[in-house]
Amino acid sequence: MKAPGTRRFVTPTATVELDRSLDAAILALARDVAGEVIDVVESIAAETVEMATRDWYTLVRKRSGRSGAGTKYRMEVKGDVIRAVVYNDAKALAKRDVNVDAQGRLLPGRQEKADSIVATEEFYAYFVHTPGALSTIAKSVPMAEYRQLMKFFRANGRLPEGYIAAANVDRLGRKRPVGLARLVRNPLRSDGKPVWNKLVIKGSGPVIKRRALDLNRALQAAANRFGRR
(Lines give C-alpha, C1' and ligand atoms only; values in the text may rest on other atoms or scores of the structure.)
Protein backbone atom coordinates (compact mmCIF):
# COMPACT_ATOMS: atom_id res chain seq x y z
CA MET A 1 0.00 0.00 0.00
CA LYS A 2 1.30 3.46 -0.85
CA ALA A 3 2.06 5.54 2.24
CA PRO A 4 0.34 8.93 2.57
CA GLY A 5 2.29 11.73 0.94
CA THR A 6 4.30 9.46 -1.38
CA ARG A 7 4.43 9.61 -5.16
CA ARG A 8 4.37 6.40 -7.20
CA PHE A 9 5.02 5.73 -10.86
CA VAL A 10 3.73 2.39 -12.16
CA THR A 11 4.47 0.42 -15.34
CA PRO A 12 3.64 -3.22 -16.09
CA THR A 13 7.12 -4.24 -14.96
CA ALA A 14 8.27 -1.87 -12.21
CA THR A 15 7.17 0.51 -9.51
CA VAL A 16 9.14 3.58 -8.50
CA GLU A 17 8.11 5.27 -5.29
CA LEU A 18 9.58 8.41 -3.76
CA ASP A 19 9.03 7.93 -0.06
CA ARG A 20 10.93 6.24 2.60
CA SER A 21 15.70 2.05 3.99
CA LEU A 22 18.39 0.18 2.08
CA ASP A 23 20.80 -2.74 1.94
CA ALA A 24 23.84 -1.72 -0.10
CA ALA A 25 24.19 -5.13 -1.75
CA ILE A 26 20.57 -5.08 -2.92
CA LEU A 27 20.99 -1.58 -4.31
CA ALA A 28 24.15 -2.60 -6.16
CA LEU A 29 22.26 -5.51 -7.73
CA ALA A 30 19.35 -3.24 -8.63
CA ARG A 31 21.74 -0.83 -10.34
CA ASP A 32 22.84 -3.65 -12.65
CA VAL A 33 19.30 -4.22 -13.94
CA ALA A 34 17.65 -0.81 -13.50
CA GLY A 35 20.50 1.63 -13.07
CA GLU A 36 18.94 4.38 -15.15
CA VAL A 37 15.76 4.27 -13.05
CA ILE A 38 17.76 4.56 -9.83
CA ASP A 39 19.78 7.41 -11.29
CA VAL A 40 16.66 9.44 -12.09
CA VAL A 41 15.02 8.76 -8.73
CA GLU A 42 18.25 9.63 -6.93
CA SER A 43 18.66 12.85 -8.90
CA ILE A 44 15.11 13.89 -7.97
CA ALA A 45 15.92 13.33 -4.28
CA ALA A 46 19.26 15.17 -4.58
CA GLU A 47 17.59 18.16 -6.23
CA THR A 48 14.91 18.25 -3.54
CA VAL A 49 17.60 18.22 -0.83
CA GLU A 50 19.59 20.95 -2.56
CA MET A 51 16.51 23.14 -2.94
CA ALA A 52 15.41 22.64 0.69
CA THR A 53 18.90 23.39 2.03
CA ARG A 54 19.21 26.49 -0.13
CA ASP A 55 15.81 27.94 0.74
CA TRP A 56 15.53 26.88 4.41
CA TYR A 57 16.82 30.12 5.92
CA THR A 58 14.95 32.32 3.50
CA LEU A 59 11.87 31.22 5.47
CA VAL A 60 13.15 31.22 9.06
CA ARG A 61 15.65 33.25 11.06
CA LYS A 62 18.94 31.37 11.32
CA ARG A 63 19.88 30.07 14.76
CA SER A 64 22.37 27.20 14.88
CA GLY A 65 22.26 26.33 11.19
CA ARG A 66 21.68 22.66 11.99
CA SER A 67 18.04 22.37 10.99
CA GLY A 68 18.61 23.43 7.42
CA ALA A 69 21.88 21.57 6.90
CA GLY A 70 20.44 18.33 8.28
CA THR A 71 18.40 17.54 5.16
CA LYS A 72 19.71 14.42 3.36
CA TYR A 73 18.46 11.47 1.33
CA ARG A 74 19.01 7.72 1.12
CA MET A 75 18.12 5.10 -1.47
CA GLU A 76 16.07 2.01 -0.70
CA VAL A 77 15.18 -1.08 -2.72
CA LYS A 78 12.52 -3.50 -1.54
CA GLY A 79 11.09 -6.04 -3.94
CA ASP A 80 10.16 -4.15 -7.11
CA VAL A 81 10.03 -0.80 -5.32
CA ILE A 82 12.87 1.71 -5.65
CA ARG A 83 12.60 4.59 -3.23
CA ALA A 84 14.48 7.78 -2.48
CA VAL A 85 13.88 8.91 1.08
CA VAL A 86 14.43 12.58 1.91
CA TYR A 87 14.87 13.08 5.65
CA ASN A 88 16.44 15.41 8.21
CA ASP A 89 18.72 14.09 10.96
CA ALA A 90 19.21 17.34 12.89
CA LYS A 91 18.76 16.82 16.63
CA ALA A 92 18.56 19.12 19.63
CA LEU A 93 18.72 18.68 23.38
CA ALA A 94 15.55 19.83 25.08
CA LYS A 95 15.72 20.63 28.82
CA ARG A 96 12.50 20.47 30.75
CA ASP A 97 11.66 20.81 34.44
CA VAL A 98 9.49 18.10 35.94
CA ASN A 99 8.39 17.10 39.43
CA VAL A 100 9.75 13.67 40.42
CA ASP A 101 10.03 11.67 43.63
CA ALA A 102 13.13 9.88 44.95
CA GLN A 103 12.46 6.95 42.61
CA GLY A 104 12.23 9.20 39.57
CA ARG A 105 8.46 8.90 39.25
CA LEU A 106 6.48 11.88 38.04
CA LEU A 107 4.50 13.74 40.69
CA PRO A 108 1.31 15.73 40.07
CA GLY A 109 1.08 19.42 40.83
CA ARG A 110 3.91 21.87 41.40
CA GLN A 111 6.81 21.86 43.82
CA GLU A 112 8.98 24.67 45.04
CA LYS A 113 12.00 23.01 43.42
CA ALA A 114 11.80 20.75 40.42
CA ASP A 115 14.46 18.40 39.10
CA SER A 116 15.69 19.09 35.59
CA ILE A 117 15.77 16.31 33.03
CA VAL A 118 17.73 16.66 29.82
CA ALA A 119 16.14 14.69 26.99
CA THR A 120 17.05 14.31 23.35
CA GLU A 121 14.48 15.87 21.05
CA GLU A 122 15.21 14.09 17.80
CA PHE A 123 14.56 15.34 14.30
CA TYR A 124 13.41 18.76 15.44
CA ALA A 125 13.71 20.27 11.97
CA TYR A 126 10.37 18.70 11.03
CA PHE A 127 8.71 21.05 13.53
CA VAL A 128 10.36 24.31 12.43
CA HIS A 129 7.70 26.81 11.36
CA THR A 130 7.83 29.97 9.34
CA PRO A 131 7.06 33.12 11.36
CA GLY A 132 3.40 34.06 11.55
CA ALA A 133 1.87 36.78 9.42
CA LEU A 134 1.99 39.24 12.35
CA SER A 135 5.52 38.33 13.47
CA THR A 136 7.80 41.16 14.60
CA ILE A 137 11.49 41.40 15.49
CA ALA A 138 13.40 43.79 17.76
CA LYS A 139 15.81 46.13 16.02
CA SER A 140 18.40 48.29 17.81
CA VAL A 141 17.97 52.04 17.55
CA PRO A 142 20.61 54.64 16.58
CA MET A 143 21.94 57.00 19.26
CA ALA A 144 19.88 60.02 18.14
CA GLU A 145 16.67 57.98 18.36
CA TYR A 146 17.79 56.52 21.71
CA ARG A 147 18.19 60.04 23.19
CA GLN A 148 14.69 60.99 22.07
CA LEU A 149 13.26 57.81 23.59
CA MET A 150 15.04 58.47 26.88
CA LYS A 151 13.61 61.98 26.92
CA PHE A 152 10.13 60.56 26.36
CA PHE A 153 10.68 57.94 29.08
CA ARG A 154 11.79 60.53 31.66
CA ALA A 155 8.74 62.67 30.89
CA ASN A 156 6.14 59.86 30.80
CA GLY A 157 7.65 56.98 32.76
CA ARG A 158 7.12 54.62 29.83
CA LEU A 159 8.24 54.00 26.28
CA PRO A 160 6.22 54.95 23.18
CA GLU A 161 4.21 52.26 21.42
CA GLY A 162 6.33 50.04 19.21
CA TYR A 163 9.39 49.99 21.46
CA ILE A 164 10.54 47.46 24.04
CA ALA A 165 13.31 47.17 26.62
CA ALA A 166 14.83 44.17 28.37
CA ALA A 167 14.31 45.97 31.69
CA ASN A 168 13.28 49.39 32.97
CA VAL A 169 15.85 49.34 35.79
CA ASP A 170 19.61 49.24 35.15
CA ARG A 171 22.17 47.35 37.26
CA LEU A 172 22.63 50.39 39.52
CA GLY A 173 18.95 50.45 40.37
CA ARG A 174 18.16 53.49 38.29
CA LYS A 175 14.82 53.57 36.51
CA ARG A 176 15.77 53.67 32.85
CA PRO A 177 15.24 51.33 29.88
CA VAL A 178 17.95 48.72 29.34
CA GLY A 179 18.34 46.91 26.01
CA LEU A 180 16.03 49.31 24.21
CA ALA A 181 14.84 48.28 20.74
CA ARG A 182 12.21 49.13 18.14
CA LEU A 183 9.67 46.52 17.03
CA VAL A 184 9.47 46.12 13.25
CA ARG A 185 7.67 43.70 10.95
CA ASN A 186 9.61 40.47 10.54
CA PRO A 187 10.93 40.46 6.95
CA LEU A 188 10.46 36.67 6.96
CA ARG A 189 6.84 36.80 8.13
CA SER A 190 4.73 34.16 6.44
CA ASP A 191 1.84 31.82 7.20
CA GLY A 192 3.43 30.13 10.22
CA LYS A 193 3.29 26.70 8.57
CA PRO A 194 5.96 23.96 8.82
CA VAL A 195 9.01 24.62 6.66
CA TRP A 196 9.55 20.89 5.96
CA ASN A 197 6.10 20.51 4.49
CA LYS A 198 6.56 23.54 2.26
CA LEU A 199 10.07 22.78 0.98
CA VAL A 200 10.16 18.98 0.88
CA ILE A 201 6.68 17.46 0.88
CA LYS A 202 5.16 20.05 -1.44
CA GLY A 203 8.44 21.27 -2.89
CA SER A 204 9.31 17.88 -4.36
CA GLY A 205 6.14 17.92 -6.49
CA PRO A 206 7.40 20.32 -9.19
CA VAL A 207 10.74 18.47 -9.29
CA ILE A 208 9.01 15.13 -9.86
CA LYS A 209 6.69 16.62 -12.48
CA ARG A 210 9.61 18.16 -14.36
CA ARG A 211 11.52 14.84 -14.35
CA ALA A 212 8.52 12.62 -15.11
CA LEU A 213 9.50 12.20 -18.78
CA ASP A 214 13.05 11.16 -17.82
CA LEU A 215 11.62 8.70 -15.32
CA ASN A 216 9.20 7.21 -17.85
CA ARG A 217 12.02 6.75 -20.37
CA ALA A 218 14.18 5.06 -17.74
CA LEU A 219 11.33 2.75 -16.78
CA GLN A 220 10.71 1.83 -20.41
CA ALA A 221 14.39 1.13 -21.00
CA ALA A 222 14.47 -1.16 -17.97
CA ALA A 223 11.26 -2.88 -19.08
CA ASN A 224 12.66 -3.48 -22.58
CA ARG A 225 15.81 -4.98 -21.11
CA PHE A 226 13.77 -7.29 -18.87
CA GLY A 227 11.71 -8.38 -21.88
CA ARG A 228 14.79 -9.49 -23.83
CA ARG A 229 15.93 -11.81 -21.06
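Residue numbers count from 1 along this sequence.
Within the model, atoms CG of D39 and CG of L215 stand 11.5 Å from one another, a figure rounded to the nearest 0.5 Å. R74 contributes atom CZ, which lies 6.0 Å from atom OH of Y87 (distance to the nearest 0.5 angstrom). In this structure, the separation between OG1 on T48 and CG on L199 is 10.5 Å, given to the nearest 0.5 Å. Distance check: N156 CG to K151 NZ gives 11.5 Å after rounding to the nearest 0.5 Å.
Under the 4.5 Å side-chain criterion, counting only non-hydrogen atoms from C-beta, V86 is in contact with T71. Taking 4.5 Å as the limit, some side-chain heavy atom of R211 sits within range of a side-chain heavy atom of V40. Looking at L188 and V60, their side chains never come closer than 4.5 Å, going by heavy atoms from C-beta outward. Side-chain contact between S204 and I44 is absent, with no heavy atoms from C-beta onward closer than 4.5 Å. At a threshold of 4.5 Å between non-hydrogen side-chain atoms, the residues M150 and R176 count as touching. Counting heavy atoms from C-beta outward, P187 and I137 have side chains that approach closer than 4.5 Å. Put simply, the side chain of R182 reaches to within 4.5 Å of the side chain of E145, judged on heavy atoms. Residues V195 and H129 form no side-chain contact, since every pair of their non-hydrogen atoms from C-beta on lies 4.5 Å or further apart.
Taking hydrophobic clusters as Ile, Leu, Val, Met, Phe, Trp and Tyr residues chained together by side-chain heavy-atom distances below 4.5 Å, I201 shares a cluster with W56. Connection of L180 to L183 is not established within any shared hydrophobic cluster, with ILVMFWY side chains joined at heavy-atom distances below 4.5 Å, either directly or through further cluster members. With hydrophobic clusters built from ILVMFWY side chains whose heavy atoms lie under 4.5 angstrom apart, Y146 shares a cluster with L149. Hydrophobic clustering (ILVMFWY, side-chain heavy atoms < 4.5 Å, transitive): V141 and V178 are in distinct clusters. The cluster map of Ile, Leu, Val, Met, Phe, Trp and Tyr, joined by side-chain heavy atoms under 4.5 Å apart, puts M51 and Y57 in different clusters.
Across every non-hydrogen atom of M75 and V41, the tightest pair is CE-CG1, 4.1 Å. The two residues E42 and Y73 have their closest heavy-atom pair at OE2-OH, 2.9 Å. What you find for W196 and A125 is that their closest heavy atoms are CB-O, 4.4 Å. Minimum heavy-atom separation, K72 to A69: NZ-O, 4.1 Å.
Annotation: L213, atom CG; neighbour count of heavy atoms from other residues, nucleotides and ligands within 6.0 Å is above 12. By the 6.0 Å contact criterion, CZ on R171 is open, its count of non-hydrogen atoms from other residues, nucleotides or ligands being 12 or less.
T53 places no side-chain N or O within 3.5 Å of a backbone atom of E50 that could act as its donor or acceptor partner. Between the T130 side chain and the K193 main chain, a donor and an acceptor come within less than 3.5 Å of each other. T58 places a side-chain N or O within donor-acceptor distance of the main-chain N or O of D55, the cut-off being under 3.5 Å.
With no hydrogens or angles considered, no side-chain donor-acceptor pair links R185 and T136 at under 3.5 Å. S67 and N88 share no side-chain donor-acceptor pair at under 3.5 Å.
Salt bridge R217/E36: absent, no basic N to carboxylate O contact under 4.0 Å.
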